[in-house]
Amino acid sequence: MKMGWTAAGLVVLFVAASSPVSAQWPSYPTRNVPRTPDGTPNLEAPAPRTADGKPDFTGLWDNAWFHNGRVAAPPVSPPGEPPASTFFNVGAGFKNGLPLKPEAAAILKQRTDRGTKDNPDANCLPMGLMQFHEQPQPRKIIQTPDVIVILYEANTGVRQIFTDGRPSPNNDPQPWWYGYSVGRWEGDALVVTTTGLRDGGWLDIGGSPLTDAAKVTERYQRLSYGTLRIDVTIDDPKAYTEPFTVRVNQRLILDNEIIEFICNENEKSVEHMVPSAIGLTGPAAAAPANPVK
């Protein structure tokens with residue numbers, strides 16, 4: 001059962017994410033790991049490359065602040081570089097907070113006043129890209145020449161980043177939870193542009209808004225074998241007075257795999273929710289919910 005974000009719920013989340021899980025994939029060693037002379041994995045070795053010479057992002061990754069189930073202080077960026085994003089508030093690293101427009105500030109306040117219980121993640125709905133980046137649950141990147149696929153353990157999210165040269169769609173496409181992502185190479189950096197997002201998005205647990213006018217630009221760099229840095233620029237003229245950039249730091253996980261996480265399995269909380277909290281209006285809001293056995 002999925003419930004709203006509360007302090008107790010987050011404690012349970014952290015404990016669950018850091019506890020060993022029985023009857024999952026048996027431990028199987030990651031292949032071709034660079035090692036030091038004493039046999040220890042050398043995570044500071046140079047990043048691997050694909051056959052065409054591009055950096056290879058393939059691997060299982062989690063956040064540097066929650067690496068291998070151990071909670072650490074969020075990374076701090078060097079002076080003059082984008083502030084590190086945080087799990088609860090992407091704007092925590094900005095001295096004056098995010099550059100919210102008045103109407104966006106009102107949305108954020110409303111979400112906060114409701115205890116952030118309407119967060120899509122808390123309601124078993126697809127979460128936004130920034131929440132995916134910051135989740136303590138890992139994500140697996142699979143890289144091919146024409147498309148990069150990211151499998152998120154959280155809510156079983158699946159994302160495609162097309163690197164085959166196609167442009168972003170400009171034919172008024174159907175808005176998507178994760179938008180439409182295309183990537184291009186700038187040297188060793190993969191620059192990903194995402195548009196076509198649904199309106200009413202959540203950048204973080206706190207409820208920082210994202211609208212359907214947003215363009216999200218991610219700059220992926222594999223700094224070493226075990227370190228992935230992603231600088232994310234949010235350009236959303238409906239919600240913010242100017243674009244802003246935050247940084248996400250991730251670390252490679254060895255000898256492990258993502259597990260199946262079906263958020264709606266045994267879901268019993270939706271029938272008790274206020275209709276507006278789950279996005280129902282009109283006749284659908286008046287209809288009785290189907291009982292969940």
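What you see is a predicted model; the values in this text were computed from it and never measured. In this chain, residues are counted from 1 in sequence order. Just so it is clear, the values below take in all heavy atoms, side chains as well, and ignore hydrogens, waters and symmetry mates.
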_Apply side chain to side chain donor-acceptor pair (under 3.5 Å) to residues Asp56 and Thr50 and explain how you reach the verdict._
CA-CA 5 Å; Asp56 190 352; Thr50 59; over 6 Å; no
*asked:* By the salt bridge (charged side-chain N to carboxylate O under 4.0 Å, His left out) test, which pairs, at least two apart or in different chains, include something from residues 138-154?
replied: Lys140-Glu257
*Reported CG-to-CZ distance for the pair Leu98 and Phe244, which is rounded to 0.5 angstrom*: 4.5 Å
*Can you pull the ring-ring contact (aromatic ring centres under 6.0 Å, His included) pairs that have at least one residue in residues 111-141, sequence neighbours excluded?*
Phe132-Tyr152, Phe132-Tyr178
*Taking the side chain as every heavy atom from C-beta outward, state whether Ile148 and Leu190 have any pair of such atoms under 4.5 Å apart.*
yes
*asked:* Checking Lys54 against Asp52 for the salt bridge (charged side-chain N to carboxylate O under 4.0 Å, His left out) test, could you report, in this order, the C-alpha distance in whole Å, the side-chain angles of both residues, the deciding distance, and whether it holds?
replied: CA-CA 6 Å; Lys54 303 296 185 186; Asp52 60 1; over 6 Å; no
_Side chain to side chain, Asn63 and Pro136, heavy atoms closer than 4.5 Å_ = no
*asked:* Any heavy-atom pair between the side chains of Pro55 and Trp185 that's under 4.5 Å?
replied: yes
*asked:* Please list all pairs meeting salt bridge (charged side-chain N to carboxylate O under 4.0 Å, His left out) that have one or both residues in residues 96-113, counting only residues at least two apart or in different chains.
replied: Lys109-Asp113
*Would a 4.5 Å heavy-atom cut-off, applied to side chains only, mark Ser208 and Trp202 as touching?*
no
*Does one side chain, of Asn155 or Asp121, offer a donor that lies under 3.5 Å from an acceptor on the other?*
yes
Would you tabulate the side-chain donor-acceptor contacts of residues 192-201 under 3.5 Å, counting partners in other chains and residues two or more places apart, or write 'none'?
{"from": "Thr194", "atom 1": "OG1", "to": "Arg159", "atom 2": "NH2", "distance (Å)": "3.2"}
{"from": "Thr194", "atom 1": "OG1", "to": "Ser181", "atom 2": "OG", "distance (Å)": "2.6"}
{"from": "Asp199", "atom 1": "OD1", "to": "Asp212", "atom 2": "N", "distance (Å)": "3.1"}

*Inspect the contact between Arg166 and Asp164 and indicate whether a charged nitrogen and a carboxylate oxygen are less than 4.0 angstrom apart.*
yes
*Can you list the residues that meet the side-chain contact (heavy atoms from CB on, under 4.5 Å) rule with Leu254, with sequence neighbours excluded?*
Thr30, Val33, Pro41, Leu43, Tyr225, Leu252
*What is the distance from atom CZ of Phe66 to atom CD of Gln135, rounded to the nearest 0.5 Å?*
10.0 Å
*Pairs in or reaching into residues 169-197: which pass salt bridge (charged side-chain N to carboxylate O under 4.0 Å, His left out), with residues at least two apart or in two chains?*
Arg49-Asp188, Arg184-Glu186, Glu186-Arg219
